[in-house]
> 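Questions regarding the structure given below will be posed in turn.
Labels below follow one simple rule: chain letters A, B, ... track the order of the sequence lines, proteins then strands, and each chain is numbered from 1.
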2 protein chains.
Amino acid sequence: MARVTIIDVAKRAGVSVASTSRALNGLVASAETIEKVRAAAAELGYAADVTARSLKLGRTQQLAYAVADIGNPVYVEMMSAIERVVAASDYRLVISSTGDVQATVDLVHSLGRGFVDGMVISPLRVTDELVAAIAQAPVPVVVLGRVPESAGVDTVRADSGRGMELVVDHLVGEGRRRLAFLNGPVDTTPGRFRQDGFRRAVADAAGVSTVEVGVDDFTIAEGYRGALELLEGKVAGEIDAIVAANDLIGIGALHAADDLGLRIPEDIAITGVDDTELAQVSRPGLTSVDLGAAERGRVAAELLIARLAEPERPLHTVTVAPSLRVRGSSVLGAIRSVTLASEREASA
Amino acid sequence: MARVTIIDVAKRAGVSVASTSRALNGLVASAETIEKVRAAAAELGYAADVTARSLKLGRTQQLAYAVADIGNPVYVEMMSAIERVVAASDYRLVISSTGDVQATVDLVHSLGRGFVDGMVISPLRVTDELVAAIAQAPVPVVVLGRVPESAGVDTVRADSGRGMELVVDHLVGEGRRRLAFLNGPVDTTPGRFRQDGFRRAVADAAGVSTVEVGVDDFTIAEGYRGALELLEGKVAGEIDAIVAANDLIGIGALHAADDLGLRIPEDIAITGVDDTELAQVSRPGLTSVDLGAAERGRVAAELLIARLAEPERPLHTVTVAPSLRVRGSSVLGAIRSVTLASEREASA
DNA sequence: ATGAAAGCGCTAACAA
DNA sequence: TTGTTAGCGCTTTCAT
């Protein structure tokens with residue numbers, strides 16, 4: 001627990017601190033010096049103080065991923081993708097869980113410089129304050145999601161519009177005509193864009209009636225509650241499909257329908273968004289549109305690292321294409337009893 | 001993006017850097033100085049460099065939680081609990097995902113000093129090297145799990161023995177006599193202790209025969225694979241219960257059994273460990289033993305903060321008691337169609 | 001190849 | 001109340 005500094009190592013090795021530093025960092029030094037320093041460092045259990053090193057170097061070799069909702073598997077998926085990219089670079093990744101907007105603002109603004117060399121953020125809500133913080137962030141920021149161009153940062157986004165279109169077209173193609181959109185909070189980025197996408201998609205479909213219900217969170221519990229409201233309320237029996245804004249809500253809806261004795265998909269079809277593992281493993285499997293979370297994470301990390309290498313490179317905005325995974329919650333008999341392994345193959 | 005230092009702020013405000021620092025940190029300063037400094041800092045968009053601050057202070061005000069397997073919801077649950085405690089303190093929490101043992105060793109050893117003031121680690125595998133690293137960690141470490149006493153650190157552990165006993169007793173009480181234990185890798189801490197627990201528990205039960213199968217990971221896919229092996233292999237038809245080592249494996253087993261046309265729980269009962277949300281939302285619900293993940297996380301964070309406040313306090317080892325949640329995967333009709341909300345009430 | 005010394009940005013004595 | 005200054009541990013010129 002006692003802190004041993006480079007001075008201790010230098011003394012022990014009988015050389016100067018400069019030589020010690022050089023030996024430790026693989027710079028010019030005689031074999032003899034390197035040997036002595038290595039030995040001394042090992043004996044003392046020396047580990048360089050990353051704070052001092054960062055201060056001197058002006059960089060931390062550390063990147064952050066700020067997640068708003070770590071309880072949602074889709075963010076874990078993104079995180080893993082980011083991590084793979086970062087691990088292959090010379091940076092380390094730290095995860096910062098930022099429940100509310102304020103936490104994200106604080107992170108971007110006050111923690112930027114010195115804490116990390118750059119960060120990827122996937123904010124749930126985008127306030128003016130957040131945009132301002134991003135615009136004057138002391139380190140490069142890559143945003144996973146939508147942010148005004150004035151923020152002036154690299155951005156990776158999903159194509160929610162096309163995604164919702166895929167879902168709606170699929171349901172309509174299966175003969176569904178009365179769709180309920182079960183959304184999360186509409187003041188969030190996903191909530192807003194998925195709603196817009198849904199509306200545009202149904203506007204293009206003839207003879208389709210819709211109803212919309214919003215719940216307070218993108219969670220299973222809220223999805224359950226919202227679906228119950230829908231299925232027991234005045235539209236009960238009048239809808240033949242529930243389009244959930246994400247998989248968590250979709251799973252909740254699945255259970256609500258099941259608990260009410262409705263047959264899925266005969267009585268009601270249910271779909272989700274994100275194609276998380278939850279959608280794959282629910283019974284019936286939840287039809288879901290993959291918005292390319294892993295791909296988005298990967299690209300975001302690459303954009304960040306590229307900008308760190310070349311700060312003045314032009315801004316990039318990458319949009320990742322969605323794809324639909326049809327399962328038993330929307331189509332009778334659809335790969336209902338397929339194994340995880342073969343589902344994976346099928347998606348390749 | 002241009003870095004503005006405290007010197008810039010001092011110049012702008014027309015006072016010394018010392019006064020600037022004091023004004024910014026709420027120490028003695030005249031109202032007038034505070035006002036000038038505030039204004040200057042705001043105009044320049046100044047944010048203190050945490051690296052320099054940490055170097056000077058000798059601490060980072062930052063804690064780390066090192067997770068081995070962030071894909072497992074139980075660790076997310078622990079993380080949330082840790083975060084709640086940390087958020088209420090003056091520290092910040094950073095998450096570090098450490099896939100393999102080496103990453104954990106590196107984190108504990110070389111990153112300790114300067115990176116964070118202390119860390120909570122939940123290693124999946126405990127090697128001699130890790131124990132050595134923990135023992136000479138430059139900052140306080142709290143281990144979630146089992147570690148030799150020689151590591152000399154505060155520890156929070158689950159009572160796997162009692163947990164497995166609860167599961168086995170329940171199954172035997174329901175008339176099950178031929179139990180299969182579907183374990184994860186036995187070279188991991190959970191793998192080993194849950195196996196030990198299972199063996200001790202069945203040793204106490206009369207007339208019970210057992211079989212054990214180990215899979216390569218604590219994942220749904222591996223659980224599915226292992227269960228298939230079990231249910232299609234030579235013990236097929238000879239077992240009436242699968243005791244999975246965690247919920248992920250249990251969910252995989254649930255689906256494997258379902259895909260083979262077995263009725264759950266009539267033909268086969270299935271149980272998990274950890275009582276994650278997955279167990280609550282699967283159909284049928286997965287009977288699972290809650291090893292107190294949230295509680296363990298909470299206690300670990302509190303132990304760490306307490307040690308930071310009082311470095312010489314005696315070592316603590318806290319064991320959290322398990323409890324069983326019975327669901328439809330092991331008992332016919334058990335709260336099968338209960339809602340999430342009422343399940344929560346029931347667990348209170 | 002090596003050592004002396006400057007200095008990264010900040011805070012805390014210490015003096016005034 | 002304020003300013004001057006030392007110094008946290010490290011890396012990196014600049015001499016030698």
> Ignoring the backbone of A:Val28, work out which of C:dT2, C:dG3, D:dG3 is nearest its side chain.
C:dT2

> Does a side-chain N or O from A:Thr51 land closer than 4.0 Å to OP1 or OP2 of D:dG9, or not?
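No, A:Thr51 has no side-chain N/O under 4.0 Å of OP1/OP2 on D:dG9.
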
> Return a table of donor-acceptor pairs under 3.5 angstrom between the side chains of residues 92-100 of chain A and protein atoms on other chains or two or more places apart.
residue	atom	partner	partner atom	Å
A:Arg92	NH1	A:Gln62	OE1	2.6
A:Arg92	NH2	A:Gln62	OE1	3.4
A:Ser97	OG	B:Glu83	OE1	3.1
A:Ser97	OG	B:Glu83	OE2	3.2
A:Thr98	OG1	A:Val67	O	3.1
A:Thr98	OG1	A:Thr104	OG1	3.3
A:Asp100	OD1	A:Ala103	N	3.0

> Return no unless some side-chain N or O of A:Ser30 is found under 4.0 Å from OP1 or OP2 of C:dA1.
no

> Crowded around A:Glu129 CD? As in, over 12 foreign heavy atoms under 6.0 Å?
no

> NA contact type, A:Ser54, heavy-atom cut-off 4.0 Å: base, sugar-phosphate, or nothing?
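No contact.
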
> Look at the side-chain N and O atoms of A:Ser19 and state whether any lies under 4.0 Å from the OP1 or OP2 oxygen of C:dG3.
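Yes, A:Ser19 has a side-chain N/O under 4.0 Å of OP1/OP2 on C:dG3.
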
> What is the distance from CG of B:Leu55 to P of D:dG7, rounded to the nearest Å?
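Between P of D:dG7 and CG of B:Leu55: 14 Å.
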
> For B:Glu35, is there an ion pair with B:Arg38 - N to carboxylate O distance below 4.0 angstrom?
no

> If you count heavy atoms of other groups shown closer than 6.0 angstrom to CD of A:Gln102, is the number above 12?
yes

> Return the minimal non-hydrogen interatomic distance between B:Lys36 and B:Ala13, and the atom names on each side.
CD-O, 3.6 Å

> Tell me, with the steps shown, if A:Val126 and A:Val131 meet side chain to side chain contact (heavy atoms under 4.5 Å, CB included).
CA-CA 7 Å; A:Val126 176; A:Val131 173; 3.6 Å; yes

> Out of curiosity, B:Arg296 CZ to B:Ile82 CD1, how far, rounded to the nearest 0.5 Å?
10.5 Å

> Please step through side chain to side chain contact (heavy atoms under 4.5 Å, CB included) for the pair A:Val108 and A:Met119, ending with a clear verdict.
CA-CA 8 Å; A:Val108 172; A:Met119 51 179 110; 4.2 Å; yes

> Have a look at the helix from C:dA1-D:dT16 to C:dA16-D:dT1 and give the angle its two end axes make, five pairs each, rounded to 10 degrees.
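Inter-axis angle at the ends, rounded: 40°.
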
> Which letters describe nucleotides 10-16 of chain C, given B = protein heavy atom under 4.0 Å from base, S = only from sugar-phosphate, - = neither?
BBBB---

